[in-house]
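In what follows, a single structure is set out as structure tokens and then discussed.
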Amino acid sequence: TASVIIAPSILAGDFAALGAECRALAQAGAEWIHVDVMDGHFVPNLTFGPPMVKALRPHVAGRLDLHLMIAPVDPLLPAFLEAGPDSVTVHLEAGPHVHRTLRAIREAGRQAGLAINPGTDIGALRWLKDEIDLLCVMGVSPGFGGQTLIPATIAKIRALREMAPDLPIEVDGGVTAQNARALVEAGATVLVAGSAIFRGGPEAYGPNLRALQAAA
Ligand code: DX5
Ligand code: ZN
């Protein structure tokens, strides 16, 4: 489906050459690049911090979609904002004051995103849907690429779409050409994909992106 956005997640890329990977993805047609920040506390993995995001910024021609899997968020938010992302997505589960954090992101002139883990209910969206520009539904337990989509994710997206008809809904984790159509039919408008895009090396990024776009 043409209107669906595919956002490659560089977590699956070559960490020794992430700038080149971002450029290769842009050349392959990626309009968004999904950047996964993990702190080894909120999730059991550790990727990189603000300096890396800042270094990647000039290599991301399109939207730098920053996904902060960190807790607490607020102490590091200014440094991540300074790095220049177009959108900053924070986890509902990362602390007691997500409303304040979302306001801070918008006050900095960026798109504010809210991410929810597989076990988190959607009730909070009733009180936060006007504070966000993007809802990120985790299709897997965050921390690692290459996992299998949790089947309940599809019903969850359908329920969220019901609650917020116009909100961009991003599904993150476990997206493949096999489940993309079901996710879009349920209401997803952005598909994050790591392993489905990075399989086969840089020359495969374009074909993988187009295959996923066509399947969705
Ligand atoms: C998981 C990350 C996802 C992950 C997606 O914690 O937030 O963005 O990189 O990777 P795949 O598409 O391989 O599940
Ligand atoms: Zn992510």
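Counting convention: from 1, in listed order, for ligands and their atoms alike. Computed from heavy atoms alone, side chains included, the values below leave out hydrogens, waters and symmetry copies.
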[X] and [Y]: which non-hydrogen atoms are nearest, and at how many Å?
| X | Y | value |
| --- | --- | --- |
| A215 | A177 | CB-O, 3.5 Å |
| A112 | R106 | CB-CG, 3.9 Å |
| G143 | M38 | O-SD, 3.2 Å |

Using only heavy-atom distances, determine whether the side chains of [X] and [Y] contain a donor-acceptor pair under 3.5 Å.
| X | Y | answer |
| --- | --- | --- |
| E170 | T189 | no |
| Y205 | E21 | yes |
| T47 | D36 | no |

Looking only at distances, can you tell me whether any N or O atom of [X], backbone or side chain, sits closer than 3.5 Å to an N or O atom of ligand 1?
| X | result |
| --- | --- |
| V140 | no |
| G145 | no |
| S195 | yes |
| M138 | no |
| Q147 | no |
| G146 | yes |

Between the Zn ion (ligand 2) and [X], which N, O or S atom of the residue is the nearest one?
| X | value |
| --- | --- |
| D36 | OD1 |
| D172 | OD2 |
| H67 | ND1 |

Numbering as shown, the atoms of ligand 1 that approach [X] to under 4.0 Å (heavy-atom distance):
| X | answer |
| --- | --- |
| D36 | 2 (C), 3 (C), 4 (C), 7 (O), 8 (O), 9 (O) |
| L11 | 9 (O) |
| M69 | 6 (O), 7 (O) |
| A193 | 12 (O) |
| H34 | 8 (O) |
| P142 | 6 (O) |
| F144 | 1 (C), 6 (O) |
| V192 | 8 (O) |

Requested in this report: Kindly determine whether D166 and K129 satisfy salt bridge (Lys or Arg N to Asp or Glu O under 4.0 Å), including the steps that lead there.
Outcome: CA-CA 10 Å; D166 304 321; K129 65 182 185 333; over 6 Å; no
Identify the closest protein heavy atom to [atom]: which residue and atom is it, and at what distance?
| atom | result |
| --- | --- |
| atom 6 (O) of ligand 1 | G143 N, 2.7 Å |
| atom 12 (O) of ligand 1 | G194 N, 2.7 Å |
| atom 14 (O) of ligand 1 | G174 N, 2.9 Å |
| atom 8 (O) of ligand 1 | D172 OD1, 2.5 Å |

Report task. Check whether any side-chain heavy atom of N117 sits under 4.5 Å from a side-chain heavy atom of F42, and report yes or no. Result -> yes
Report task. Could you establish whether A12 and ligand 1 come within less than 4.0 Å of each other, counting only heavy atoms on the residue side? Result -> no
Query raised in the report: Do the rings of H34 and H67 sit parallel, tilted or perpendicular, given the 30° and 60° boundaries?
Result: tilted
**Report entry** Derivation of the salt bridge (Lys or Arg N to Asp or Glu O under 4.0 Å) call for R63 and E31
**Finding:** CA-CA 6 Å; R63 176 164 165 157; E31 292 151 34; over 6 Å; no
Requested in this report: State whether the side chain of R110 and the backbone N or O of A108 hold a donor-acceptor pair below 3.5 Å, judged by distance alone.
Outcome: yes
Requested in this report: Look at D121 together with K156 and state whether they make a salt bridge at an N to O cut-off of under 4.0 Å.
Outcome: no
Requested in this report: Kindly check if the number of other-residue, nucleotide or ligand heavy atoms within 6.0 Å of CD (E203) is above 12?
Outcome: yes
